[in-house]
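In the text below, chain A, chain B and the rest are named by the order of the sequence lines, each starting its count at 1.
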Amino acid sequence: MKKYPEYKHLNLSQISKDVLRFWEENHTFEKSVSTREGQAPWVFYEGPPSANGMPGIHHVMARTIKDIFCRYKTLQGFQVKRKAGWDTHGLPIELSVEKALGITKEDIGKKITVEQYNIECRKDVMKYTDKWSDITKKMGYWVDMENPYITYDNKYIESVWWLLNNLYTKDLLYKGFTIQPYSPAAGTGLSSHELNQPGCYRDVKDRTAVAMFKIADASALLEKGAEAFFMAWTTTPWTLPSNTALAVGKDIEYVAVKTFHPHPVKGKELEPVVVILAKDLLDKYFPSKSAELKFEDYKAGDKAIPFQVIKSYKGSELAGTVYNQLLPFAKPDGDAFRVIVGDFVTTTDGTGIVHIAPSFGADDFRVARQNGIGALTLVDKRGKFLPEVKDGIFLYGEEYVKEAYLSDEEKAHEFQFQKKILEDNGKIKELKAYLSVDERIVLKLQEEGKLFKKEQYVHSYPHCWRTDKPVLYYPLDSWFIRTTALKDRMIELNKTINWKPEATGTGRFGNWLENLNDWNLSRSRFWGIPIPIWTSEDRSEQICIGSVEQLQKEIANALAKGVMAENPLAAYKTGDMSDANYEGFDLHKPYADNIVLEKNGKKLFREPDLIDVWFDSGAMPYAQLHYPFENKDLIDSKKYYPADFIAEGVDQTRGWFFTLHAIAVMNFDSVAYKNVVSNGLVLDKNGNKMSKRLGNAVDPFETIEKYGADATRWYMIANAAPWDNLKFDMEGIAEVQRKLFGTLYNTYGFYALYANVDQFVINPADQVPVAQRQELDRWVLSELHSLIRDVTAHYENFEPHRAARSIETFVDEHLSNWYVRLSRRRFWKGDMNPDKKAAYETLHECLLVVAQLMSPIAPFFGDWLYGNLRAPLGTAENTAMAADSVHLTNFMHANETLIDLKLNERMELAQKISSMVLSIRKKENIKVRQPLQKIQIPVLDKEMQSGIEAVKDLILAEVNVKEIEFVDESNTHIVKNLKLNFKTLGKKCGADMKAVQAYAADHSTNIIHDVERHGKAVVPVNDKEYVLEPEDVEIIPVDIPGWKVANNGPVTVALDVVLSEDLRQEGLAREIVNRIQNIRKDKGLDVTDKISVKIQQNEGLDKAITNNLNYICSETLTGDLQLVQNLSTASANAVEVDDTISTLISIEKLN
RNA sequence: UGGGAUAUAGCUCAACGGUGAGAGCAGGUGCCUUAUACGCAUCAGGUUACAGGUUCAAGCCCUGUUAUCCCAACCA
């Protein structure tokens, strides 16, 4: 006879290990995919992690979410393939290699060849793959790590090139220049990622200036021949020579102010000037008390300067106004020196008029281009002014625009130089320190009467993480993807994506799309996918490569034309998709750069940039399949595209989520994914970000070893919605372990214990029909099937936290603490009979279903539980347990006919009544072991009474009372309360609601009477009459005078606390039973062992024992009970039966 | 600085615009149990971040403020 396995202790960590071995030996994961062959696919894309970092607890979180839905959909019958992937390119890898080798970027090509460097990167990037494999297995994440896609593979790169070429053909790829963070000291552009390294943004003190731009002809704005200035603020005066426009806000109100020049040139101290600035910022420059000053009282040099607002304009009225170039060192290409409208202009600081230097600001560049304004770039790539920025007094040409770029010696040298010039020219009496370009420009403006105000200003400014020097924003050549061309389509298709949470899709992602810029694809690095574009030096000829085959042909041509000597792709066989064929070459630098092509007699060289690694990962739907060279049909006929589901951290919103979307829309006019869950961060228990630096990072290996993967996963899922941040607290895992897994383990243990005693094994083909099972069974099945329905809905909605919480409630409150607790006797009392069998079958079904429902979240424990329940069945062919793993079963459907809401309500009522009776006992200090005679329940409607009747026995047993008596007004006086139903009355009464409420409070007795007798009551209020119908009120019995009463919502219970002699003796008998059971347990007797009992006689006890002898014996499996005169304390246990009675009991096991 | 999210008991989280805002954990007290200090009962703990507004009625809707987090960032 096969048995259900029994265990001594719950050890989740061990269960994980055992189940993991089982999966490996039985290839359960592979089967979960292969057994679904031919079924509808459910497409999942794995976002590639970078294997050169260690896995963290947040990866466990993110992967749990992915795993849950893949497992769930597999249970639903879908085939869910899960190809793992590795992100292998990019800066972090380069940095890691440089650190390991002790080199810097400058050394590449000198101390180490590009070739060697890339070999190192290729090695380095996979250095933690073992750790990743390990955590993947241990956490129970099912993903195919045997055949991952790897972004550095030639096949992967070929697909990426195909996509790029496709964009090139559609004219969505162009080379242009934009304003990018640039480090002159390092001679390289910086990515936003680099700027976001810790410590890059630092507070710096800069010289700021409000410059005055003279309007060329102010007649249109003021009177004819008037002279006026625009005021514009800048924190970077060194950009002023490159100014080509001024921007105003379209709807901002501006004023023209007549005043005196604060820094006039000699001789013009008393000539009034007119300046224009935003009205909102008037106070900042013109204190309102100065408005009362009289112009005629003003003397040169006065601190307080009178002013007068003479006119006002909307920004749009100023647009188009031409002004004189502020610092005319060079002439710009194209149109310039005009007022334009900029959407970014605000009045939070400055003057509401923004100085535009298109070369040195992204906004400036954009708004200038939109308005056809040209640029001036008077700074070179070294960070120095061009030679022409020179006046011989303040500016000397070819000097660093930022003080920080000068070395101490350079600074000292410059200081001596400028000291001489400035002092000789009488500009400064005695120069004490080096003056920065910014400071000297301000001096120059002042000298020329173009300065309104200067001050120091502290703001945060980005620095290059390698050189520690401030960054410049500088126009750089780059390749761009014209994402803006398809912006509307991207927005449109985004609306078809199911975002969890929704706000991320409409908000963070939606806004991002609305403000989309072209995607800068270029990166000046070494380890990445080369841009597959070759251009002639005069840029007249260009070839974009979309496949290795094409490249091979072009090389052949180049060889024929003699521009190349050797064909690195000679061995490549067209059409051969074998790995061997793809391993004979390398598309990375430096090999790609060594290829020179030929077109129309011109040599073509590769564009030197690599592509943004984000394109790598966004290309994975296609590149992981080597599309279109292989698996073309999977994408083209949408068999494996788009994804039904992806999930990553919310930080990927503008990363992977965007690149997937952009590439899909631009290449295939499709979404890349239909459902996306963006999960929140994992913080430490105090809500701080985890970091190695702070030492608060949680080690996932340790955590899983200690608590097991299931408890860890369950905790993370149940504790917060996926998209909320999780405050990770180990104690929370311990709690889950105790509460959910402990309870479930015990519930199973209970089942196994008695099933084995009774030699019961489930027979799915022969079960007691549910209709013939008792109320409690039908109730728990009703709850169970409600649970299936709810959990299914939660999984379908991608709300795993709700699924987990529902399961917790069921296991804990319904199954363990009500069903099993109240059913215990049925399992151990008597021989097998239909009722006992029904109890086993009911409990078995609950455990089986729970095992399956929980298995996506707790895959090990779910499978362990399932395996135990299945253990005595053998192959279990043709049953729901035919598969040898829960993960290979078919998801159970809720049987709606078993869901009986009335029954659920009834049982809730029984629990409520029980709890109320226990509460009265507590108040009256009567133990539950002491039987009581009677409960009274006042009932006002028959339905409630019949509901309680149905669960009466359960209540009585639970609270240890003999009978329930239903009372109404015919046999007792009941105090009743009136409650108004605000929902129905709100509609009826509206604004009179408060008055009705007040009236009802004063006349509750009358209203109750009227409603009960006549079915309605009239409420006269504010000269109106409202008729209260039964649905508008609730009449609740709250008290029976003279009884001990408890009240909860609509239910009231009264308890008879009078103890008769019989009851008292019965209570004592139960105390005795309890003591005997405790001794049994202490002695380690089996639950089936029969015993003989000797109890030392005691006056207060003997009668209670003899009168309840049968009861005591049958409860304790006692074959022989004797009251004896004396027991030796050596062989007997001393027990206190109550405060006054103590005795000795001895127990012998009977054979 | 902008966009997004969050703010409810000491902690973690619930709560269709509807009558005293609920669980669990942690704490006090008492109790039940031949599955289990698992639980049950009970006490304490709340100005639902703050200030306004809409409504007969607001934790929930609207506006603003503050704090924290994420993302994007030299808006001059």
Side-chain angles (χ1 to χ4, degrees), chain A residues 181 192 195-196 201 208 232-236 239 246-247 342 344-346 348-357 360-364 459-462 470-471 473 501 503-504 507-509 511-512 515 649-651 653-654 680-681 683 685 687 689 718-721 723-725 727 729 731-732 735 738-739 742-743 745-754 801 805 808-809 812 816-817 820-821 824 827-828 914-915 918-919 921-923 925 927-929 979-986 989-997 1034 1073-1074 1076-1078 1080-1081 1085-1087 1115-1117:
Chain A
S192 59
L195 280 191
N196 280 322
Y201 277 84
T208 69
W233 181 60
T234 181
T235 57
T236 52
T239 61
L246 292 172
F344 53 87
V345 179
T346 64
T348 48
D349 48 21
T351 61
I353 301 174
V354 178
H355 140 65
I356 299 292
F360 304 112
D363 275 334
D364 303 42
H459 60 150
S460 83
Y461 193 89
V471 157
Y473 283 74
T504 301
R508 192 185 280 202
F509 194 67
N511 289 339
W512 166 253
N515 300 315
V650 67
D651 53 338
T653 305
R654 293 171 187 184
L681 301 165
L683 309 171
K685 67 176 176 180
K689 211 173 164 178
N719 201 38
W723 38 88
D724 286 334
N725 290 345
K727 290 182 189 166
D729 187 355
E731 282 183 34
E735 187 184 325
R738 275 206 317 273
K739 218 168 141 61
T743 304
Y745 164 82
N746 280 326
T747 307
Y748 166 74
F750 176 87
Y751 173 83
L753 175 65
Y754 289 108
H801 59 300
R805 289 170 187 177
E808 278 174 5
T809 306
D812 193 38
S816 175
N817 277 303
V820 174
R821 200 147 66 88
R824 267 193 311 250
F827 288 90
W828 62 266
S914 300
S915 124
L918 293 173
S919 147
R921 275 180 175 278
K922 155 84 180 172
K923 217 169 277 162
N925 228 341
K927 287 185 171 186
V928 180
R929 246 184 245 126
K979 263 175 121 178
L980 299 180
N981 181 349
F982 281 63
K983 213 164 192 171
T984 57
L985 279 176
C989 311
D992 289 327
M993 193 69 209
K994 283 215 170 84
V996 171
Q997 204 176 344
E1034 207 178 341
V1073 167
N1074 171 261
I1076 295 174
Q1077 304 290 27
N1078 287 347
R1080 277 186 70 118
K1081 212 169 164 187
L1085 296 184
D1086 224 47
V1087 291
E1115 288 292 306
T1116 56
L1117 300 186

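A:Asn725 comes within 4.0 angstrom of sugar-phosphate atoms only, judged by non-hydrogen atoms across all strands, and of no base. No contact: A:Gln997 has no heavy atom under 4.0 Å from any strand. Within the nucleic acid shown, A:Tyr754 comes within 4.0 Å of sugar-phosphate atoms alone, with no base atom in reach, counting heavy atoms only. Here A:Arg929 lies in heavy-atom contact (under 4.0 Å) with sugar-phosphate atoms only. Here A:Arg821 lies in heavy-atom contact (under 4.0 Å) with a base. In this structure, A:Glu1034 reaches the bases: a heavy-atom distance under 4.0 Å links it to at least one base atom across the strands shown. Using a 4.0 Å heavy-atom criterion, one finds that A:Val996 contacts no nucleic acid atom at all. Backbone-only contact: A:Leu681 has heavy atoms under 4.0 Å from sugar-phosphate atoms and none from a base.
Across B:rG24 and B:rU65, the matching P atoms stand 39 Å from one another, rounded to whole Å. Separating the P atom of B:rA58 from that of B:rC50 is a span of 16 Å, rounded to the nearest Å. With P as the reference atom, B:rA21 and B:rG46 are 13 Å apart, rounded to whole Å. B:rC13 sits 41 Å from B:rC74 when the C1' atoms are compared, rounded to a whole Å.
Each of A:Asp364 and A:Thr504 has a nearest nucleotide on RNA chain B; the 5'-most of these lies closest to A:Thr504.
Atom CH2 in A:Trp723 sits roughly 14 Å away from atom P in B:rA5 (whole-Å rounding). A:Asp729 has its CG atom 19 Å from the P atom of B:rG24, to the nearest Å.
Relative to the side chain of A:Pro462, the nucleotides B:rC74, B:rA14, B:rC31 differ in distance, and B:rC74 lies closest. The side chain of A:Val928 sits closest to B:rC31 out of B:rC31, B:rC13, B:rU33.
Applying the 3.5 Å distance criterion, the base of B:rA35 shares a donor-acceptor pair with the side chain of A:Ser816. Side-chain to base pairing of A:Lys983 with B:rC16: one donor and one acceptor N or O lie within less than 3.5 Å of each other.
Pairing for B:rU47 is absent, judged as Watson-Crick or G-U wobble with the two contacts each under 3.5 Å. In this structure, B:rC40 and B:rG30 make a Watson-Crick or G-U wobble pair, each of the two defining distances being under 3.5 angstrom.
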